Amino acid sequence: MPELPEVEVTRRSFAQRIQGARILHARAGLPLRWPLGRGAEQLAGLTVLRVDRRGKYLLLQLDDGVLLVHLGMSGSLSFRADAPPPGRHDHFDLVTTQGTLRLNDPRRFGAVLWSASLQVDPARKLLGSLGVEPLGDAFDPAAFHAGLKARRAPIKQVLLAGDVVVGVGNIYASEALFLAGIRPTTRADRLSRARADRLHAAIRQVLMRAVERGGSTLRNFSSAAGESGHFQAEAAVYGRAGQPCLRCATPLRQIRQGQRSTFFCPMCQRA
DNA sequence: CTATGGACCTGAATGC
DNA sequence: TGCATTCAGGTCCATA
């Protein structure tokens, strides 16, 4: 479910409301991807200073350490004053003076873990090798092109790997490559500076637009405020195999790259 | 070092 | 209707 836009929309939906709250109690359900790293009972009494984001991780800055939250493939957060009893897939609750932050995650690929700071493990290990933020100033065309020059894998898989630029997931990778007119199978190091520039702009455009629209709704994404997103209706290629390209009407194609589906137009994306 | 396939887990959709 | 197979928005880890 969540790529960068969904995570950012989620962050915005509760960051202000939880800021300054004191943790009354934490509840861990079935195991997530990693153990919490600190007893849930030891979170009580800490204060949430603010909520940041790095890549697809949400960072709840506490007055003692930081709580990293990742939504995995199927996770979503809710934040409400009066949370009902936890359901089958509610695997983490942070009960605070200002409401309960709850992680619902059927597949449990998500994670909640405490780290003493961002400079030490586990945060250092998880965040240390992440690429640049695509919506930040550090994401500039020259550095992006240089990053791609060092990689021989297909451009689609380099985008997904997240060590050149973070936050581009399986939907937006296909969408950005379509916008830039680049074939997903093209080796990353074969992209000219001009084409890297086009891709750079396309990534920013597709992510910013998705954030504005409230995230993708491919399955049933909703922010912690319960509002669903509207990007789905705007996907140009993702999930549209066999349907006509919106630009040239050629039937769109679906292929497999690294066990993930890729969608593209064989006419508009020729190299 | 880079690149690739398997692993984690549940549920919905599809096929026989 | 029932049961098996495939697929799903992520990413770490072992292996080549």
Side-chain angles (χ1 to χ4, degrees), chain A residues 1-10 29-35 37 53-58 68-77 87-92 103-113 121-131 147-177 184-190 203 206-207 210-211 213-223 228-235 237-242 254-263:
Chain A
M1 177 227 301
E3 299 185 28
L4 183 146
E6 291 75 27
V7 176
E8 176 60 18
V9 167
T10 296
L30 290 179
L32 294 164
R33 179 157 192 174
W34 295 293
R53 180 186 57 73
R54 176 74 177 99
K56 295 169 190 168
Y57 287 90
L58 288 175
L68 311 204
V69 179
H70 197 290
L71 301 180
M73 286 276 262
S74 58
S76 63
L77 289 173
R88 187 158 135 70
H89 299 302
D90 294 330
H91 299 303
F92 187 83
L103 175 66
N104 179 278
D105 186 2
R107 292 176 73 179
R108 289 189 280 125
F109 289 169
V112 179
L113 60 170
D121 287 342
R124 188 183 59 88
K125 182 173 165 55
L126 293 174
L127 306 179
S129 57
L130 293 185
L148 297 185
K149 275 288 171 206
R151 309 295 296 273
R152 288 181 243 185
I155 180 61
K156 159 82 178 331
Q157 288 174 255
V158 170
L159 291 181
L160 280 190
D163 44 12
V164 175
V165 56
V166 288
V168 184
N170 205 41
I171 294 178
Y172 301 115
S174 282
E175 294 297 315
L177 287 165
T185 49
T186 300
R187 275 171 49 157
D189 61 351
R190 297 277 175 79
I203 289 169
V206 73
L207 293 181
V211 170
R213 294 315 187 88
S216 166
T217 311
L218 236 213
R219 279 273 189 286
N220 34 28
F221 167 75
S222 65
S223 69
S228 58
H230 303 285
F231 186 85
Q232 174 194 26
E234 298 184 32
V237 292
Y238 187 86
R240 298 192 62 239
Q254 175 174 8
I255 60 174
R256 280 252 159 208
Q257 291 182 284
Q259 1 254 73
R260 312 298 301 277
S261 286
T262 299
F263 299 85

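We name chains A, B, ... by the order of the sequence lines, and we start the count at 1 in each one. What you are looking at is a predicted structure, and each value in this text was computed from that prediction instead of being measured.
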Tell me the interatomic distance from [X], atom [atom1], to [N], atom [atom2], rounded to whole angstroms.
X         : N       : atom1 : atom2 : value
Asp90(A)  : dT10(B) : CG    : C1'   : 14 Å
Leu71(A)  : dA8(C)  : CG    : C1'   : 15 Å
Leu160(A) : dG5(B)  : CG    : P     : 14 Å
Leu126(A) : dT11(C) : CG    : P     : 10 Å
Gln157(A) : dG10(C) : CD    : P     : 14 Å
Leu68(A)  : dC12(C) : CG    : P     : 12 Å
Asp105(A) : dC8(B)  : CG    : C1'   : 11 Å
Ile155(A) : dA3(B)  : CD1   : P     : 11 Å

For the residue pair [X] and [Y], what are the closest heavy atoms and their distance?
X         : Y        : result
Ala111(A) : Trp34(A) : CB-CE3, 3.5 Å
Val7(A)   : Pro2(A)  : CG2-CB, 4.0 Å
Pro106(A) : Ser74(A) : CD-O, 3.4 Å
Leu103(A) : Gly75(A) : CD1-CA, 4.3 Å

Side-chain N or O of [X] versus OP1/OP2 of [N]: is the shortest distance under 4.0 Å?
X         : N       : result
His89(A)  : dG11(B) : yes
Arg260(A) : dG10(C) : yes
Lys125(A) : dC13(C) : yes
His70(A)  : dT11(C) : yes
Arg151(A) : dA3(B)  : yes
Ser261(A) : dA8(C)  : yes
Arg256(A) : dG5(B)  : no

Ignoring the backbone of Arg107(A), work out which of dG11(B), dA3(B), dA8(C) is nearest its side chain.
->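 So the side chain of Arg107(A) is nearest to dA8(C).
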Proximity to the side chain of Gln254(A) - top-ranked nucleotide from dC12(C), dG11(B), dA8(C) |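 So the nucleotide nearest the side chain must be dA8(C).
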On DNA chain B, check which nucleotide each of Gln259(A) and Val158(A) is closest to and give me the residue with the more 5' one.
->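 Mapping each residue to its closest nucleotide by heavy atoms, the 5'-most match is Val158(A).
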Starting from the 5' end of DNA chain B, give me the residue, Arg33(A) or Arg88(A), whose nearest nucleotide shows up first.
->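 In this pair, the answer is Arg33(A).
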Ignoring hydrogens and angles, are the base of dT10(B) and the side chain of Arg108(A) linked by a donor-acceptor pair under 3.5 Å?
->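 No.
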Indicate, yes or no, whether a donor-acceptor pair under 3.5 Å links the base of dA3(B) to the side chain of Arg152(A).
->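 Flag unset: no donor-acceptor pair detected.
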Is Glu175(A) reaching over with its side chain to a backbone N or O of Val237(A), donor-acceptor style, under 3.5 angstrom?
->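 Between the backbone of Val237(A) and the side chain of Glu175(A) there is a qualifying donor-acceptor contact (under 3.5 Å).
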Report which part of the nucleic acid Gly169(A) touches: base, sugar-phosphate, or nothing (heavy-atom distance under 4.0 Å, all strands).
->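 Sugar-phosphate contact only.
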Please work out if Arg187(A) contacts a base, only the sugar-phosphate, or nothing of the nucleic acid, heavy-atom cut-off 4.0 Å.
->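 No contact.
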Which of these, Phe92(A), Phe109(A), Tyr57(A), sits in a ring pair (Phe, Tyr, Trp, His ring centres under 6.0 Å) with His70(A)?
->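 Per the ring pair (Phe, Tyr, Trp, His ring centres under 6.0 Å) rule, the option paired with His70(A) is Tyr57(A), out of Phe92(A), Phe109(A), Tyr57(A).
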Duplex segments of DNA chain C, taken as runs of at least three Watson-Crick or G-U pairs that stay under 3.5 Å =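 As far as DNA chain C goes, consecutive pairing (with distances under 3.5 Å) yields the stems B:2-8 with C:10-16, B:10-16 with C:2-8.
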Measure the spacing between CD of Gln257(A) and CG of Asn170(A) and express it to the nearest 0.5 Å.
->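 These two atoms lie 9.0 Å from each other.
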Ring centroids of Phe109(A) and dC8(B) base under 5.5 Å with planes under 30° =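 Yes, the aromatic ring of Phe109(A) stacks with the base.
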Take Arg124(A) and Asp121(A) through the test salt bridge (Lys or Arg N to Asp or Glu O under 4.0 Å) and record every step on the way to the result.
-> CA-CA 5 Å; Arg124(A) 188 183 59 88; Asp121(A) 287 342; 3.4 Å; yes
Pairs meeting criterion salt bridge (Lys or Arg N to Asp or Glu O under 4.0 Å) with involvement of residues 149-170 of chain A, two or more places apart |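 Sorted result for residues 149-170 of chain A: Arg151(A)-Asp163(A).
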